[in-house]
Amino acid sequence: METETATPWLTDAEQCAWRTYLDVNRMLTHQLERDLQPFGLTMNDYEILVNLSESPERRLRMSDLAAATLQSKSRLSHQITRMENAGLVERAHCESDRRGLYAVLTDHGMETMRKVAPHHVESVRRHFIDRLSPEALADLHDSLKPVAEELRGLRGKP
């Protein structure tokens with residue numbers, strides 16, 4: 001006879017915390033997207049620009065960039081094509097692996113980063129950082145760090 005395990009449903013407090021987190025995540029992402037629109041960028045564009053601008057030689061292998069941005073290789077390829085058409089990035093062949101490709105931040109892409117970054121940081125401050133005390137920010141970091149570590153450990157696993 002098969003035994004059924006009872007689902008450990010969320011308590012009211014757990015449900016409230018979970019739903020608040022989901023609401024904040026959705027609304028904050030939406031607002032940050034809106035604040036990037038005047039620059040013709042999406043949050044995905046900005047995340048790619050940040051990753052490339054912080055990488056040696058302003059380049060990353062496409063597979064590493066896909067992993068860093070949590071995008072499928074196919075989705076990233078479409079994203080990079082769009083960003084190439086805007087002159088923000090370009091593809092370059094990998095000398096050590098003929099099949100490999102790099103995404104490379106162009107000078108125009110770097111200039112765009114320099115122009116947009118202060119506005120994005122101001123948006124993050126206005127809609128998130130400045131709404132919390134330094135203590136609340138530290139508590140939030142401490143609370144979310146084990147979740148982030150657990151999820152990082154699951155990346156790439158079925």
Task: Arg126 atom CZ: more than 12 heavy-atom contacts under 6.0 Å - done: yes
Open item on the list: Show the nearest heavy-atom pair for residues His120 and Leu36, with the distance to one decimal.
Closed with: ND1-CD2, 4.2 Å
Open item on the list: Assess the residue pair Asp35 and His119 against the criterion (side-chain contact (heavy atoms from CB on, under 4.5 Å)); give the C-alpha distance rounded to whole Å, side-chain angles, the decisive distance to 0.1 Å, and a yes or no.
Closed with: CA-CA 8 Å; Asp35 290 349; His119 296 279; over 6 Å; no
Open item on the list: Quick check: closest heavy atoms across Leu76 and Ala66, and the distance to 0.1 Å?
Closed with: CD2-N, 3.4 Å
Open item on the list: Would you compute the distance between atom OG of Ser55 and atom CZ of Arg58 and round it to the nearest 0.5 angstrom?
Closed with: 11.0 Å
Open item on the list: I'd like to check Leu41 versus Thr112 (side-chain heavy atoms, cut-off strictly below 4.5 Å). Are they in contact?
Closed with: yes
- [ ] Indicate the atoms forming the closest heavy-atom contact of Ala68 with Asn51, along with that distance.
- [x] CB-OD1, 3.6 Å
TODO: Tell me, with the steps shown, if Arg26 and Leu22 meet side-chain contact (heavy atoms from CB on, under 4.5 Å).
DONE: CA-CA 6 Å; Arg26 279 190 300 264; Leu22 289 176; 3.8 Å; yes
Open item on the list: Is there a path of hydrophobic side-chain contacts, each under 4.5 Å between heavy atoms, that joins Leu144 and Leu70?
Closed with: no
Open item on the list: Are the side chains of Tyr21 and Val147 in contact, using a 4.5 Å heavy-atom criterion?
Closed with: no
- [ ] Take atom CG of Asn85 as the centre, draw a 6.0 Å sphere, and report whether it contains more than 12 heavy atoms from other residues, nucleotides or ligands.
- [x] yes
Task: Rounded distance [0.5 Å steps], NE2 in His30 versus CG in Leu32 - done: 10.5 Å
Open item on the list: Could you see if Leu137 belongs to whatever hydrophobic cluster contains Val121? Use Ile, Leu, Val, Met, Phe, Trp, Tyr and a side-chain cutoff under 4.5 Å.
Closed with: no
- [ ] Look up atom CG in Leu28 and atom NE2 in His127, then write down how far apart they are to the nearest 0.5 Å.
- [x] 8.0 Å
Open item on the list: Within the structure provided, determine whether Val104 and Leu52 are in side-chain contact (heavy-atom separation under 4.5 Å).
Closed with: no
Task: Whether Arg91 side chain and Met62 backbone form a donor-acceptor pair below 3.5 Å - done: no
Task: Distance (rounded to the nearest 0.5 Å) between Asn44 CG and His78 NE2 - done: 13.5 Å
Task: Heavy-atom closest contact (Ala103 atom, Leu65 atom, distance) - done: CB-CD2, 3.8 Å
Open item on the list: Just verifying a value: how many Å separate Ser77 OG and Leu101 CG, rounded to the nearest 0.5 Å?
Closed with: 8.5 Å
- [ ] Answer yes or no: is there a side-chain heavy-atom contact under 4.5 Å between Gln71 and Ile48?
- [x] yes
Open item on the list: Are Glu33 and Thr42 packed together at the side-chain level, in the sense that at least one heavy-atom pair is separated by less than 4.5 angstrom?
Closed with: yes
- [ ] Flag the pair Asp64 and Arg59 as a salt bridge only when some basic side-chain nitrogen lies within less than 4.0 angstrom of an acidic carboxylate oxygen.
- [x] no
TODO: List the steps, then state whether side-chain contact (heavy atoms from CB on, under 4.5 Å) holds for Arg125 with Glu122.
DONE: CA-CA 5 Å; Arg125 282 197 166 286; Glu122 188 278 327; 5.6 Å; no
TODO: Report yes if the side chains of His93 and Tyr102 come closer than 4.5 Å at any heavy-atom pair, otherwise no.
DONE: no
Task: Rounded distance (nearest 0.5 Å) linking atom CE of Met43 with atom OG1 of Thr69 - done: 12.0 Å
Task: Pair Asp23-Thr20, side-chain donor/acceptor within less than 3.5 Å - done: no
TODO: Side-chain contact test, heavy atoms from C-beta onward, threshold under 4.5 Å: evaluate it for Arg114 versus Glu111 and give yes or no.
DONE: yes
Task: Exercise: identify the closest heavy-atom pair between Cys94 and Arg61 - done: SG-NH1, 3.1 Å
Task: Donor-acceptor pair between Arg75 and Gln79 side chains, under 3.5 angstrom - done: no
Open item on the list: Contact between Leu88 and Leu49 at the side-chain level, heavy atoms closer than 4.5 Å - yes or no?
Closed with: yes
- [ ] Could you pull out the closest heavy-atom pair between Met110 and Ser53, with the gap in Å?
- [x] SD-CB, 3.9 Å
Task: Cluster overlap Tyr46 with Ile129, hydrophobic side-chain contacts below 4.5 Å - done: yes
